[in-house]
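A, B, ... follow the sequence lines: proteins, then strands. Residue 1 opens every chain.
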Amino acid sequence: MTYKETEFPQILEILAEYSKKGFPLEEIIMNLYKLYKDVPIYIGIVAMCLENLVKETKEKDIRKGDFIFLFDKNFIYQGEVKKIEMPNIYLKNVKVIVNKKNLKMKLKKQKLFKLEKNVLAKLWPSLYFKK
Amino acid sequence: MQKDFKKGVYIISGPNKIKLLSGKVISIAKNFELGEEIFIPEGKRIPLEIEVDSKIELSDEKLISFIQTSTIPEDWDRVVNYLIYEKINALIIFGEVDTGKTFFSTYLTNKLISNNLKPSVLDCDTGQSDIGPPSTLGIAIFNKPILFMTEVKPEKLYFVGSHSPSEHFLHYICGFTKLVNYGLKNSDIVIIDTPGWVLGDGGRMLRNSELEILSALETNYVVVLLQRNQEIEHLVKSIPQKKVIRLTVSKKASPTSVEERKKLREFVYKKYFSNIDTLELDFDKIFTDRVYFLTGQRLNKKGNLLWVEKLSGFEGLYVVSENKLSDREIEKVKKLYDVKKVKNVSKDEFKNVLVALLDQEGEFICLGIIKDIDFLKQKIYILYPKKYSVRNLKIIQFGSLKISPKIEESGFVEPGLL
């Protein structure tokens, strides 16, 4: 059997595409979650909506209340448009992601997490096949 | 009003009432009797083939259009002889949406009846059901010609739970098997009218599974492909080609928009639930199906919880509360009952859920809508069409659609939630 019994995997592919393009995924995932809760039995339609969730837009088409992603040279900004006074826009609930090739940081007992390497091999070794 | 019709083919749209006063008229292989009254429902259309100049009484003259040639493609007629000669006992129709699968089923039914056979039609289109309400598979057995599948009383129905087999594959396939089997035992040939989902993983898998079941049931089946070009050839690549009949799509077939489909479904639901009553059922006297609710071991409720059940093994605790519990409250419940997992449902999630009411044998009685659940009194209140006797009701089978008290589609329930 090679056909998929659910269209859920398609959603992972679309999320991976957004991530590859550099989009911070948090807001996209919350929108996806809402879409799924709205039409939980039509996963194909959820996936179709997800693909069309983020659209490139022009400055003149930005409205108050829009949620935007802005790609600058070294920063990615995301937030909700609070006010527009061209050429300035004011955002609220802003998150800024800084792109840096390298970074030196001082560790001083912050909350720290790390991604597990080979989590499949650790949790379910019989399903782990060396490539 | 009365109208004279010249020899030719006309399409009459509903709502319309027609009566043949003189002449000779055939529609979908059914001969009209003089004086016979036919009602064409809203959203439906029929072709009238006027054999000789005829006089017809009709309620709305504006809903007539003339077309040049017959709506029945020439190759359709040859199918009937083949079915009889080859002793075919199951015929499955594949085609994209709006390729006239139901129209072909009706035509074939009438032709087979005129050849003294007793056909049954299994309507698998859960979105645009003609036999039975939407979200069900329905089978009917025919002794006399018909114009609309909606005219007949279903012999048996099976609740799929949704307008689409999507996320309901297994229920769809169970219902398909059950009703094909019934048709094989009770008619000469089962005509299977399938949904228009023929592409992609889901479409391929469903159509492929249907063929495997027909084979497993040892039927002498054929597949009819209704296609405009070669758009569904992929569905029959691996089966013996003598089992495949390729037919032309009728000129009558025309697209129906998603909105129109929704309107038609709601129209059918409104008709189905037009005269309703409320059923009051004790938790102790019924069983639930396709949900976790009422399948575990009941526990005393603590705090402000409305209902608590212990499910088997890793499934944990099933908890109904007025509102969805916060993460903190869930942690408290885990400690209180000493469990690792809590499945929490808010009371309102049950409201307006479309259900099937079944008897002890699991046979469909009618559809119902959950009006309310009183967890204190341990009672379920269900709206149901009064005309059905629910004396033998034993099982409530849950679906994944919500229908509002105004009988309009009002959302979904996430599978596995309740």
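- Ranked by non-hydrogen atom pairs under 4.5 Å with chain A, the options B:Asp201, B:Leu206, B:Val413 are led by B:Asp201.
- Applying the 6.0 Å contact sphere to NZ of B:Lys270 captures more than 12 heavy atoms from other residues, nucleotides or ligands.
- Atom CG of B:Asp327 has 12 or fewer neighbouring heavy atoms from other residues, nucleotides or ligands inside a 6.0 Å radius.
- For residues 85-121 of chain A, a heavy-atom distance under 4.5 Å to chain B picks out no residue at all.
- Using non-hydrogen atoms only and a strict 4.5 Å limit, the part of residues 11-40 of chain A facing chain B consists of A:Tyr36, A:Lys37, A:Asp38, A:Val39, A:Pro40.
- The interface of residues 125-138 of chain B with chain A, defined by heavy-atom distances below 4.5 Å, is empty.
- No more than 12 heavy atoms of other residues, nucleotides or ligands sit less than 6.0 Å from atom CG of B:Leu170.
- Pairing each heavy atom of B:Ser164 with each of A:Tyr42, the nearest pair is CB-CE2, 3.4 Å.
- Heavy atoms of other residues, nucleotides or ligands lying less than 6.0 angstrom from NZ of B:Lys371 number 12 at most.
- Around NZ of A:Lys122, the count of heavy atoms belonging to other residues, nucleotides or ligands within 6.0 Å exceeds 12.
- Residues of residues 399-406 of chain B lying under 4.5 angstrom from chain A, judged on non-hydrogen atoms, are B:Ser400, B:Leu401 in numerical order.
- Here NE2 of B:His163 is found 7.5 Å from CD1 of A:Ile41. Values are rounded to the nearest 0.5 Å.
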